[in-house]
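Report on one structure; see the data block that follows.
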Amino acid sequence: MLFLPPDTEYIIETLQKNGYEAYAVGGCVRDMLNGDTPHDFDITTSAEPETVISLFEKTVPTGIKHGTVTVIINGIPNEVTTYRADGEYRDHRRPDSVVFVKSLREDLARRDFTVNAMAYNKKDGLIDCFCGKEDIKNRLLRAVGEPERRFCEDALRILRLFRFSSVLEFDIEENTLKAALEYAPTLKRVSAERIFAELLKTVCGKNPAALKPLTDMGGLSFLGIKSRPDYDKIPLLKSPEIKLFTFLYSGGADAAEALELLRAPNKTKKAAKDMLTLLNMPKPETKPEIKEMLYLTSPSAAESCFGYKQAYGEACKAAAVLLYEIIKNKEPYKIRDLKITGTDLIKHGITGEDIGKTLEKLRRAVILDPALNTRKRLEERLYIMKQTT
């Protein structure tokens, strides 16, 4: 069922009332036809940017060079883009120039895949010049026009192809796949941040194994992927960061190095660093051993590690139960959990580097015996330590 939210309807009807064509376009139409809920609604129109700006009270010229104006309705941004035809793509990413056109068909013809090249409004219904609706029915991804041209224009479309295949669980049409693999070497020209974003969405999709053709032919070798990743394990994992880590790590890449190359967010890089730390530790059997894992990383990292090992067939249920008890009972494992502080140690005559060393010794003692973590008992332990040094 095709529907438009009130804000989108208002923008389209305003443009129509002023003599211009306007449609919801692209992914929102695809999602509706596929039975999914669109995340946002993009609008395409025959009105040029200056006209769009003049017709609405609040606008932002976000990409006016390429025909895009953001119209703010009720505090919500809506992208409105003028029909356009693209010039040459000498950098394999963005057109050197754009020409505004009056034909919706010409605008749809520049798009990547048939399922993304449809438009809709209530007045005219569905506009489908390239059989996108039929391809959705057949669960097939097909390039608009000549696939070689589409991927030569914009190398990011190669990763978008595999991302859509994973997220939508669509097959890839033979000639489209062949062209994508042929132009895979041009992926090196895409910005690291865009590659990261597409890879993350792909491995978090329903079918991350959609990437097999690309990794099998070495299309991601510049990230260090030199063998087939464990695609069957990735869906078993919960965290997006660990899914990506597993893709890189099981594919033979230095995960930490690859994420640096991709300019990944710090959260993602830390998740990978923590995983590498924990995977190099012996399998924990006791609470003190698990607390050392937590001290070096975090509870979420330990949980992810257990999930990772479980996916690879290593029994971690008992360790997971102990982890749950530690967190639930708020058992101490960090220096800041101690019921005694560095200031207290100074009062006991401990100074300089000895403060940190002493706190670490007390922390280790509390890990072994949580009942020790009272001010009185820690001071008693401190007295014994001073007598033996």
Side-chain angles (χ1 to χ4, degrees), residues 238-239 241-242 244-245 248-249 254-261 263-310 314-389:
K238 294 180 181 179
S239 162
E241 290 79 17
I242 301 306
L244 182 56
F245 167 83
L248 295 168
Y249 187 67
D254 181 324
E257 184 177 305
L259 290 172
E260 285 289 346
L261 183 65
R263 298 179 185 174
N266 289 334
K267 178 183 177 182
T268 306
K269 291 189 285 190
K270 186 178 186 308
K273 181 181 178 182
D274 287 348
M275 277 294 291
L276 290 170
T277 296
L278 296 178
L279 290 176
N280 286 322
M281 295 178 70
K283 179 181 176 180
E285 303 285 352
T286 65
K287 278 190 176 182
E289 290 172 332
I290 293 174
K291 289 177 182 178
E292 280 303 306
M293 294 176 65
L294 300 182
Y295 179 65
L296 292 172
T297 58
S298 68
S300 61
E303 184 179 12
S304 292
C305 181
F306 293 154
Y308 177 91
K309 290 186 175 185
Q310 194 75 35
E314 185 174 334
C316 293
K317 186 175 181 180
V321 170
L322 294 177
L323 171 64
Y324 173 77
E325 291 178 358
I326 292 169
I327 304 306
K328 179 183 177 182
N329 299 330
K330 297 182 180 180
E331 297 181 27
Y333 59 87
K334 292 185 177 180
I335 287 176
R336 70 184 182 202
D337 297 330
L338 298 176
K339 298 301 183 181
I340 196 169
T341 68
T343 302
D344 296 323
L345 298 190
I346 292 173
K347 293 177 182 178
H348 284 274
I350 299 173
T351 59
E353 294 182 355
D354 289 337
I355 295 175
K357 292 177 181 178
T358 302
L359 287 173
E360 174 60 15
K361 288 178 181 179
L362 293 175
R363 183 191 73 83
R364 290 181 177 275
V366 166
I367 280 180
L368 295 172
D369 180 11
L372 181 64
N373 195 32
T374 68
R375 185 181 185 85
K376 180 180 179 181
R377 293 197 61 185
L378 288 174
E379 287 183 333
E380 290 173 352
R381 175 60 66 96
L382 184 59
Y383 177 78
I384 294 172
M385 289 168 59
K386 290 176 67 177
Q387 296 302 310
T388 58
T389 57

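Predicted, not measured: the structure shown is a model, and the values here were computed from it.
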Close side-chain approach of [X] to [Y], heavy-atom, < 4.5 Å:
X      : Y      : value
Glu325 : Val321 : yes
Asp369 : Arg377 : yes
Val366 : Asp337 : no
Leu296 : Met281 : yes
Tyr333 : Ile290 : no
Arg375 : Leu378 : no
Asp344 : Glu379 : no

Listed by chain and number, what are the ring-ring contact (aromatic ring centres under 6.0 Å, His included) partners of Phe306, not counting sequence neighbours?
none
Hey, mind stepping through Leu294 and Leu323 against side chain to side chain contact (heavy atoms under 4.5 Å, CB included) and telling me if it holds?
CA-CA 9 Å; Leu294 300 182; Leu323 171 64; 3.6 Å; yes
So does [X] have more than 12 non-hydrogen atoms from other groups sitting under 6.0 Å from [atom1]?
X      : atom1 : result
Glu257 : CD    : no
Glu303 : CD    : no
Lys283 : NZ    : yes
Lys339 : NZ    : no

Could you measure the distance from the [atom1] atom of [X] to the [atom2] atom of [Y]? Nearest 0.5 Å is fine.
X      : Y      : atom1 : atom2 : answer
Leu259 : Lys269 : CG    : NZ    : 8.0 Å
Thr341 : Ile346 : OG1   : CD1   : 8.0 Å
Leu359 : Leu382 : CG    : CG    : 9.0 Å
Ser298 : Lys334 : OG    : NZ    : 7.5 Å
Leu276 : Asp254 : CG    : CG    : 7.5 Å
Ile350 : Thr358 : CD1   : OG1   : 4.0 Å

Mind listing the closest non-hydrogen atom pair of [X] and [Y] along with its distance?
X      : Y      : answer
Leu278 : Ala301 : CD1-O, 3.5 Å
Pro284 : Met293 : CG-SD, 3.5 Å
Ser304 : Ser239 : OG-CB, 4.3 Å
Arg381 : Ala365 : NH1-CB, 3.5 Å
Pro332 : Ile367 : O-CG1, 4.3 Å

Run the numbers on Glu289 and Leu322 for side chain to side chain contact (heavy atoms under 4.5 Å, CB included), then give the verdict.
CA-CA 10 Å; Glu289 290 172 332; Leu322 294 177; over 6 Å; no
Salt bridge check, Arg363 against Glu292: does any charged N sit closer than 4.0 Å to a carboxylate O?
yes
CA sep, side-chain torsions, deciding dist, call: Lys309, Leu279, side chain to side chain contact (heavy atoms under 4.5 Å, CB included)
CA-CA 9 Å; Lys309 290 186 175 185; Leu279 290 176; 4.0 Å; yes
With sequence neighbours left out, write down each residue that passes side-chain contact (heavy atoms from CB on, under 4.5 Å) with Glu331, or none if nothing qualifies.
Lys287, Lys291, Ile326, Asn329, Pro370
